[in-house]
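One structure is given here, and the rest of the page talks about it.
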Amino acid sequence: MKIITQLKTFFYFQKIVSQHYKSYPFVLSAVILSSSISPFIFVIFPRYILDEIFGSRDLHKVITYLVLMAIAIVVTGFTTAIFQNRLHFISMKLKSKLRMEMAYKTTKIQYAWLEDADMLNLKQQVTQFLEEDIDKIIFVTPTLISYMLASLGYVYIISSLNIVILIIILTVIGVSALIQEKTEKYAYQYRKDMAPLERRIAYFIMNMPNHKYAKDIRLFDLSGWLYKKYAAQLDAALGGYKQVFNRRSHGAILISLANLLQTVSVYAWLIYKTFLGQLTVGQFTMYFSAISNFSGSITGILNSWIQITNVNQGVYDYKKYMTLENEDAMDSSVLHALPSMPCIEFKNVSFKYPNQPKFALKNIHIKIPYGEKIAIVGENGAGKTTFIKLLMRLYEPTEGEILINNINIKSYSIQDYRKLFAAVFQDYTIFSFSIKENVALQKSQEKGASDLVMDALERAGLASKISNLPKGVDTSIDTVFDDSGIQLSGGESQKLAIARAAYRNSPILVLDEPTAALDPRAEYEIYKSFHEMVGYKLAFFVSHRLSSSQLCDRILVFDKGEIIEDGNHASLLKADGLYAELYAMQAEYYTENTQGSTKI
């Protein structure tokens, strides 16, 4: 990063802190002022105290200097401690706020970015910055500025002694800075290269203790196997960290040698001048302290700046992530009102994932009138879910366009557009909140919500269980927020997700393989229940199994990213194509016996 970019990034972060905490500039100024003054107490006062002791020996003046010195130490020390503690509080709160803002931003950016490897690496780098570097930049800022201010005072004192001494010190410091900069640049580059590996390590740290995996880990005795896989990733990381440690150690040795040569030569010259009587004992002490502190201050400035430049990359990544376009930026400048009875048309739509050469969907051209019940079938990887994600604007077409009532879907507000849909996905989400909140979501506090929730639960086939619970719809799922929370079975969780879709009461309903883990009978019953709940609305039933197809008006058969068949159950069986082949393979599950029960 160029120096101008570094400074802009640095001031960008300072602006962020100031926006969140109006008191930050005052707190920062107080810490800088007290930290800048503090070292001069031990440079200036000892000179006058020692000159009195070895000179006129005026006890009154010695006591006065000692009292003033003590007062200055107490005031600056107290001020620094108070406001540094305040900085620590600001840092802690800021870290929490920025984490939350990043999490919120993640819910607003384009969905496709959440599946892009480069974007995931950027997200990991920003997460690491928020975890590790907020404290660094908060505390290194006053350190850098106080060192700079103190150095100006030391330059004034040392230059009054001998300008050559100042040049020697600056030369040694410059050499040390070059060594330090190269070392830290190497360390940062390694850390950046490590982002994918850190992401894998984080996966194990988060998921090994996750309750979601607890049964499988115990049943299959996976603890040792997972630990070995985690250890392999960790060993790879530690090997690189060792290289960084060695590089830093070698740099520290060279810097120490340079500082030793400087210290010996400068102090020998001071002692020589004192023996000649050209310096008093007090002056010797002052210059001795000033030179020592000046070297430390310049080194501190360089180290602080190197830290800031390293952390600045995290700030830069954070800024890059937080300024990503939100989904609504894709909206047209002219927005239309939503239709109440939407008809859908895909016009020559093709889609490929980022950085992928092949199309996941190719030349999809289809019209779907309102009120139809559509089954979307095909084997795994055929493009079914990609089709649904394009329909719901989770992805944008690579080619072609999608129309609702002859208007491009980009001409509708993306937030309003998605209100057309109520969906139950394969990886549906059940929150650790109350049943009412899981069904009604952000509308759970509205008047009459409880009655509407019970109606949705009734349609989903879950009302009898919930009504028998002591807290009813206010019962929590899991025990994260309520120790009396309950666990739902897999089938009950799916019904709860379906109740959420029913409550939303949108004109288009989507069931995207939420029953993939169920047996065919249970899957059929859920699809049947969902079909009855749909009524006249437009509905999509997505599955690689065919239990829902007979319930639908129309079946779209996907294969290798294309719609290869389009018709109803009877016509597709007669066509004897892929659908007929798949149905024949699964027919034993859907044959009705003479009593009307499904044979499994």
Side-chain angles (χ1 to χ4, degrees), residues 332 335-351 361-378 382-397 399-414 416-424 459 498 501-502 504-513 527-543 546-559 561-575 577-579:
S332 168
L335 300 179
H336 293 264
L338 288 173
S340 58
M341 301 175 67
C343 299
I344 298 166
E345 181 178 3
F346 277 62
K347 291 185 70 175
N348 300 316
V349 171
S350 296
F351 174 79
L361 283 182
K362 294 176 288 186
N363 302 320
I364 304 299
H365 193 94
I366 188 171
K367 289 185 177 181
I368 303 172
Y370 186 73
E372 278 197 334
K373 312 297 179 289
I374 307 294
I376 298 178
V377 303
K384 305 183 299 296
T385 295
T386 303
F387 175 83
I388 291 298
K389 287 180 177 178
L390 283 166
L391 176 62
M392 292 191 289
R393 287 195 73 185
L394 295 173
Y395 298 151
E396 294 292 322
E399 298 174 2
E401 60 179 346
I402 304 171
L403 308 177
I404 294 285
N405 292 9
N406 298 316
I407 297 173
N408 191 305
I409 61 174
K410 292 183 180 180
S411 296
Y412 300 102
S413 159
I414 193 168
D416 289 341
Y417 175 79
R418 287 189 183 145
K419 291 177 183 177
L420 292 173
F421 299 90
V424 184
R459 284 185 281 165
I498 290 172
R504 189 172 171 91
N505 196 30
S506 298
I508 305 174
L509 282 83
V510 177
L511 208 60
D512 186 6
E513 299 200 85
Y527 275 114
K528 186 177 179 181
S529 173
F530 192 76
H531 185 274
E532 292 170 354
M533 185 178 70
V534 167
Y536 184 62
K537 295 177 181 180
L538 176 56
F540 293 88
F541 298 82
V542 184
S543 181
L546 309 181
S547 58
S548 62
S549 60
Q550 297 181 65
L551 301 171
C552 296
D553 306 314
R554 186 176 176 189
I555 302 166
L556 304 179
V557 183
F558 279 74
D559 185 47
E562 298 182 84
I563 297 176
I564 62 169
E565 296 180 47
D566 180 358
N568 59 32
H569 177 70
S571 66
L572 292 182
L573 286 180
K574 187 176 180 180
L578 179 60
Y579 178 81

Nearest-0.5 Å distance that lies between atom [atom1] in [X] and atom [atom2] in [Y]:
X	Y	atom1	atom2	result
Thr386	Leu361	OG1	CG	5.5 Å
Ser411	Asn406	OG	CG	12.0 Å
Ile414	Leu394	CD1	CG	8.0 Å
Arg459	Ile498	CZ	CD1	12.0 Å
Ile374	Ile388	CD1	CD1	10.0 Å

Looking at every heavy atom in both [X] and [Y], which two are closest together, and how far apart are they?
X	Y	answer
Ile364	Glu562	CD1-CA, 4.2 Å
Val424	Ala501	CG2-CB, 3.9 Å
Pro397	Ile402	CG-CD1, 4.0 Å

Run the side-chain hydrogen bond (donor to acceptor under 3.5 Å, both in side chains) test against [X] and tell me which residues pass, sequence neighbours left out.
X	value
Asn505	Lys537
Thr385	Asp512
Lys362	none
Glu401	Asn408

_Would you call the rings of Tyr395 and Phe351 parallel, tilted or perpendicular, taking 30° and 60° as the class edges?_
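Geometry flag for Phe351 against Tyr395: parallel rings.
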*Please list, chain by chain and in numerical order, all residues satisfying side-chain contact (heavy atoms from CB on, under 4.5 Å) with Arg504, sequence neighbours excluded.*
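Partners of Arg504 under the side-chain contact (heavy atoms from CB on, under 4.5 Å) test: Lys419, Ala422, Ser506.
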*asked:* Run the side-chain contact (heavy atoms from CB on, under 4.5 Å) test against Asp566 and tell me which residues pass, sequence neighbours left out.
replied: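 Here the qualifying residues are Ile366, Arg554, Leu556.
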_4.5 Å side-chain heavy-atom contact, Leu538 and Pro507_ =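 No, too far: nothing below the 4.5 Å cut-off.
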Solution key, residues 338-349 side-chain donor-acceptor pairs under 3.5 Å, sequence neighbours excluded:
from: Asn348; atom 1: OD1; to: His365; atom 2: ND1; distance (Å): 3.3

*Counting only N and O atoms by type, is there a donor-acceptor contact under 3.5 Å from the side chain of Asp553 to the main-chain atoms of Lys373?*
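Looks like yes, one N/O pair under 3.5 Å.
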*So, the side chain of Arg418 versus the backbone of Arg393: is there a donor-acceptor pair under 3.5 Å, distance only?*
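Yes; judged by distance alone, with no hydrogens or angles, the pair exists.
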*Residues two or more places apart in sequence or in another chain: which of them pass ring-ring contact (aromatic ring centres under 6.0 Å, His included) with Tyr417?*
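With sequence neighbours excluded, Tyr417 shows a ring-ring contact (aromatic ring centres under 6.0 Å, His included) to Phe421, given in chain and number order.
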*Just jot down the ring-ring contact (aromatic ring centres under 6.0 Å, His included) partners of Phe558, sequence neighbours excluded, or say none.*
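Partners of Phe558 by the ring-ring contact (aromatic ring centres under 6.0 Å, His included) criterion, ordered by chain and then number, come out as Phe387.
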*Could you give me the CA-CA distance, side-chain angles and deciding distance for Glu565 and Ile555, then say whether side-chain contact (heavy atoms from CB on, under 4.5 Å) is met?*
CA-CA 8 Å; Glu565 296 180 47; Ile555 302 166; over 6 Å; no
*Worked verdict on Ile508 versus Phe540 for side-chain contact (heavy atoms from CB on, under 4.5 Å)*: CA-CA 8 Å; Ile508 305 174; Phe540 293 88; 3.9 Å; yes
